Amino acid sequence: MRASASNLASHPDVVVIGGGPAGSTVSALIAQRGYRVQLFERERFPRFHIGESLIPETYWVLERLGMLDKLRESHFVKKYSVQFINANGKQSAPFYFWDNKAHQCSQTWQVVRSEFDLMMLNNAREHGVEAHEGVRVRDVLFEGPRAVGVRIQRADGSQQDVQARVIVDASGQSGLLQNKFKLRVWDPVLNKGAIWTYWQGAYRDTGRDEGATLVLQTANRQGWFWYIPLHDDRVSVGVVAPFDYLFKGRVSHEQTYQDEVDCCPAVKDRVSAGRRVTGYFATKVYSYRATQVAGDAWVLVGDAFGFLDPLYSSGVLLALRSGEMAADAIVEGFQLGDVSAAQLGKWGPVFNQGVDRMRRLVCEYYDGFSFGQFVRTYPHLRGTITDLLIGDLFTDRVDSVWPPMESLYPEGKAPPPPWDSGTSPQHTQNKANELILPEGHRP
Ligand SMILES: Cc1cc2nc3c(=O)[nH]c(=O)nc-3n(C[C@H](O)[C@H](O)[C@H](O)COP(=O)(O)OP(=O)(O)OC[C@H]3O[C@@H](n4cnc5c(N)ncnc54)[C@H](O)[C@@H]3O)c2cc1C
C-alpha cells in the first residue's frame with residue numbers, strides 16, 4: 001500500500017532521500033530490524049532509468065532483501081555471462097559465471113529498470129518502509145554539524161519539515177548533499193559520454209547465451225557498445241566514448257549513433273534485422289566520488305556517493321552494497337547510541353577499496369587491456385579476473401591479477417592514476433551528469 005505524504009508519521013528513525021536501488025535497499029534493511037523508515041521519492045514510479053544489466057554479486061543483497069523469488073518469477077532475461085569483442089571483431093570466449101562459481105548466484109538478470117525499481121520499492125514497503133512518491137526533498141536540515149531532518153515538498157507545492165535520527169541521501173546523480181557541501185571529486189581520467197536506444201527484433205543468441213551482455217569495441221578504438229538483451233524481444237544498445245569525441249562538433253545524437261554503429265560491424269550486423277523502437281538517449285558519464293561517505297547523522301549511498309563508468313555494469317551492485325553496508329552501520333549505531341560520522345561511515349574505506357578495484361579494471365580496458373590475451377597468457381587467473389567481473393570486489397584476494405596484467409604492458413606504460421580523494425582542482429565542478437531523454441519520453 002502506498003503511504004500518503006499528507007499523513008506523515010512524526011519522527012521516523014531514518015529518512016531516506018530517493019527510491020532507486022540504493023534507497024530501497026538501505027530502507028528495507030533498516031526496517032527489517034524494526035526501525036521506522038520514511039522514504040521520499042520525487043518521481044512517480046514506474047519511471048525510466050538506465051542501468052539494465054545486473055552482475056552476479058547482487059545476489060547476496062537481493063537475498064537479504066527477499067527479492068530473489070520475485071526476480072525468479074519475473075519475465076526478466078536470465079544472464080549467465082559477459083563477452084568481449086575487440087576492434088577487429090575478434091570475440092573472447094564468454095566469461096560464464098557458473099564455470100567460476102557453481103552456485104545459483106552465478107545466474108543474474110537483465111532488467112528493465114522502471115519495472116525493477118518499482119519491484120524494489122514495493123519490496124521495501126512490504127518490509128514496513130513508508131515510501132512516498134511524488135515528494136521531493138528540498139534540503140537536509142542541520143543543527144550545527146549534525147543532520148536533524150529534511151524539508152520535503154509535495155506535488156501541490158506545500159512544504160513540511162520531517163525530523164529523524166539519521167538521514168540517508170540516496171538521491172542518485174543529483175547528489176543532494178554532495179552539492180550542498182561540494183563533496184564531489186570528478187575522476188581524473190574517466191570522463192565519457194553515452195548515447196543509446198532500444199531495438200526490437202535485433203539479433204539474439206540462444207540457450208544460455210541469450211542473455212549475455214556483449215561489450216563491443218568500435219573499429220577506431222575510441223569507444224565501445226553495450227548490447228543488452230531485454231524481455232519482449234528488445235535489446236538495449238548504447239555507445240560509450242570520450243565526452244568531447246561523442247558530443248563536440250557533431251550534428252545530432254542520431255547521426256553520431258549511426259556513425260558509431262557503422263564503425264562497429266559486429267553491432268551493425270546484430271541490429272540490422274531489428275527495428276528501433278525509441279528515440280536516442282544521451283548523457284554525460286563522468287565518474288566521480290564524494291570525499292566522505294558520512295557525517296554526523298547523515299550518510300551517502302549509491303550514486304549519491306559515487307558513480308563509476310558503466311563498462312562492467314557495476315552501478316546497481318555498488319548501490320546495493322553501499323545500501324547494505326550503510327544499513328548495517330546505522331542499525332549498529334542505534335544499538336550503540338552513536339550516529340557519529342565515524343560510526344555511520346565505518347564501511348567507507350572497504351567500500352572505496354572495492355570501487356578502486358573495479359575502477360582499475362575499467363581504466364586498464366580503456367588503456368588497451370585485452371581479456372583474451374590475458375587469459376591465454378595466464379590461464380590460471382581466468383577465475384580471478386571473472387571474480388572481478390562478477391563484482392567480488394571487497395577482498396584483496398583478487399589483487400593477484402595486477403602484477404601479471406602489468407607484465408603485459410608495452411614498454412613505458414604505467415598503471416592508471418588512482419582516484420584522488422579531495423585535493424583535485426576538479427573538486428569545485430559540481431554540475432551533475434545530465435540525462436537527455438528523447439523527445440516525448442516521460443522521465
Ligand atoms: C549510460 C549508463 C549505463 C549504465 N549501465 C548500467 C548497467 O548496465 N548496470 C548497472 O548496474 N548500472 C548501470 N549504470 C549505473 C546505474 O544506473 C546507477 O549506478 C544506479 O541506478 C544507482 O542507483 P541509485 O539508487 O544510487 O540512484 P538512482 O537509481 O538514480 O535513484 C535515485 C532516485 O532518487 C530520486 N531523487 C533524486 N533527487 C531527489 C530529491 N531531491 N528528493 C527525492 N527524490 C530524489 C530520483 O528520482 C531517483 O529515483 C549505468 C549508468 C549509466 C549513466
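What you are looking at is a predicted structure, and each value in this text was computed from that prediction instead of being measured. Whatever order the structure lists ligands and atoms in, that order sets their numbers, starting from 1.
- The only option from V150, L39, V140, V37 that meets the side-chain contact (heavy atoms from CB on, under 4.5 Å) definition with V15 turns out to be V150.
- Considering only non-hydrogen protein atoms, atom 42 (N) of ligand 1 sits nearest to V137 N, 2.9 Å.
- A ring-ring contact (aromatic ring centres under 6.0 Å, His included) with W196 is found for exactly one of F281, Y227, Y280, namely F281.
- Nearest protein heavy-atom contact of atom 36 (N) of ligand 1 is R42 NE, 3.7 Å.
- We find that R204 and E210 are joined by a salt bridge, their nearest charged nitrogen and carboxylate oxygen being less than 4.0 Å apart.
- No salt bridge links E43 with R136; every basic N to acidic carboxylate O contact stays at or beyond 4.0 Å.
- Closest to atom 14 (N) of ligand 1, if we only count protein heavy atoms, is G51 CA, 3.6 Å.
- Judged purely by atom type and a 3.5 angstrom limit, Y312 uses its side chain to pair as donor or acceptor with the backbone of L361.
- Between E324 and L29, the closest heavy-atom pair is CA-CD1, 3.7 Å.
- For atom 11 (O) of ligand 1, the nearest protein heavy atom (residue, atom name, distance) is V316 N, 2.7 Å.
- For ligand 1 and A170, the ligand atoms under 4.0 Å from any heavy atom of the residue are 32 (C), 33 (C), 34 (O).
- Not a single donor-acceptor pair under 3.5 Å links the side chain of Q83 to the backbone N or O of Q91.
- Nearest protein heavy-atom neighbour of atom 9 (N) of ligand 1: S53 O, 2.8 Å.
- R270 meets the salt bridge (Lys or Arg N to Asp or Glu O under 4.0 Å) test with no other residue; sequence neighbours excluded.
- Taking every heavy atom of V285 and a limit of under 4.0 angstrom, the matching atoms of ligand 1 come to 1 (C), 53 (C).
- Of all atoms in ligand 1, numbered sequentially from 1 with element shown, those under 4.0 Å from a heavy atom of V135 are 43 (C).
- Closest to atom 26 (O) of ligand 1 among all protein heavy atoms lies D303 N, 2.8 Å.
- Atom 30 (O) of ligand 1 has H49 NE2, 2.7 Å as its closest protein atom, hydrogens excluded (heavy atom only).
- Atoms of ligand 1 found under 4.0 Å from any heavy atom of W226 (numbered from 1 in listed order, with element): 1 (C).
- Interface atoms of ligand 1 facing A319, defined by a heavy-atom separation under 4.0 Å, are 23 (O).
- Ligand 1 lies nowhere less than 4.0 angstrom from a heavy atom belonging to T58.
- Residues V240 and F225 have side chains not in contact (no heavy-atom distance under 4.5 Å, counting atoms from C-beta outward).
- Among protein heavy atoms, the minimum distance from atom 47 (O) of ligand 1 is reached at E41 OE2, 2.7 Å.
- Contact analysis puts F307 in contact with ligand 1, with a non-hydrogen atom separation below 4.0 angstrom.
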Distance-only check: which donor-acceptor pairs under 3.5 Å involve side-chain atoms of residues 292-302, not counting sequence neighbours?
unit_1: Q292; atom_1: NE2; unit_2: A294; atom_2: O; d: 2.9
unit_1: D296; atom_1: OD1; unit_2: A341; atom_2: N; d: 2.9

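- Set against the non-hydrogen atoms of G302, the atoms of ligand 1 under 4.0 Å away are 26 (O).
- Interface atoms of ligand 1 facing E52, defined by a heavy-atom separation under 4.0 Å, are 7 (C), 8 (O).
- Contact check on E332 versus K346 returns a salt bridge, with a Lys/Arg side-chain nitrogen under 4.0 Å from an Asp/Glu carboxylate oxygen.
- Listed by number with element, the atoms of ligand 1 under 4.0 Å from a non-hydrogen atom of G20 are 25 (O), 29 (O), 31 (O), 33 (C).
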